[in-house]
Amino acid sequence: MSLNHSPETQNKLIARVPSITGRELPEWFEAIDNGPSFLRCDERANWLADEHGLSHGYAAAIVLEHERRRRF
């Protein structure tokens, strides 16, 4: 699974997260922060998809957005 979406695809996925998942991004970021301590983004995305029943595309987009926001 690739965690590299085009910026346009990433933005579209992130905009749809609340309506598709029923949870806002801060809730997903909290789930990642409180989840297992995986070092790699793809491991976090796989866990998020498996644990919460997300498609891998949305899981990857959430993890990527979480990483981007943590940098600031």
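All values below were derived from every heavy atom in this structure, side-chain atoms included, with hydrogens, water molecules and symmetry-related copies excluded.
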Which distance, rounded to the nearest 0.5 Å, do you find between the CD of Glu30 and the CD1 of Ile32? 11.0 Å
Could you state the interatomic distance from NE2 (His66) to CZ (Phe29), rounded to the nearest 0.5 Å? 6.5 Å
Considering residues at least two apart in sequence or located in another chain, which fulfil the side chain to side chain contact (heavy atoms under 4.5 Å, CB included) criterion with Pro26? Glu24
For Gly35 and Trp47, the nearest pair of non-hydrogen atoms, with its separation, is CA-CH2, 3.8 Å
Could you report the tightest heavy-atom contact between Val17 and Tyr58, atom names first, then the distance? CG2-CD2, 4.0 Å
Residue pairs fulfilling salt bridge (charged side-chain N to carboxylate O under 4.0 Å, His left out) with at least one residue in residues 48-62, sequence neighbours excluded: none
Can you name the residues that form a side chain to side chain contact (heavy atoms under 4.5 Å, CB included) with Thr9, not counting sequence neighbours? His5, Ser6, Leu13
Quick check: closest heavy atoms across Ala45 and His56, and the distance to 0.1 Å? O-ND1, 4.4 Å
Only pairs at least two apart or in different chains count here, so list each ring-ring contact (aromatic ring centres under 6.0 Å, His included) that has a residue in residues 6-26. none
Residues in side chain to side chain contact (heavy atoms under 4.5 Å, CB included) with Arg23, at least two apart? Thr21, Glu27, Trp28, Ala31, His52
Give every residue pair that meets the salt bridge (charged side-chain N to carboxylate O under 4.0 Å, His left out) criterion with at least one member in residues 11-20, sequence neighbours excluded. Glu8-Lys12
Taking all heavy atoms of Arg69 and all of Leu25, pick out the closest pair and write down the distance. NH2-CD1, 3.7 Å
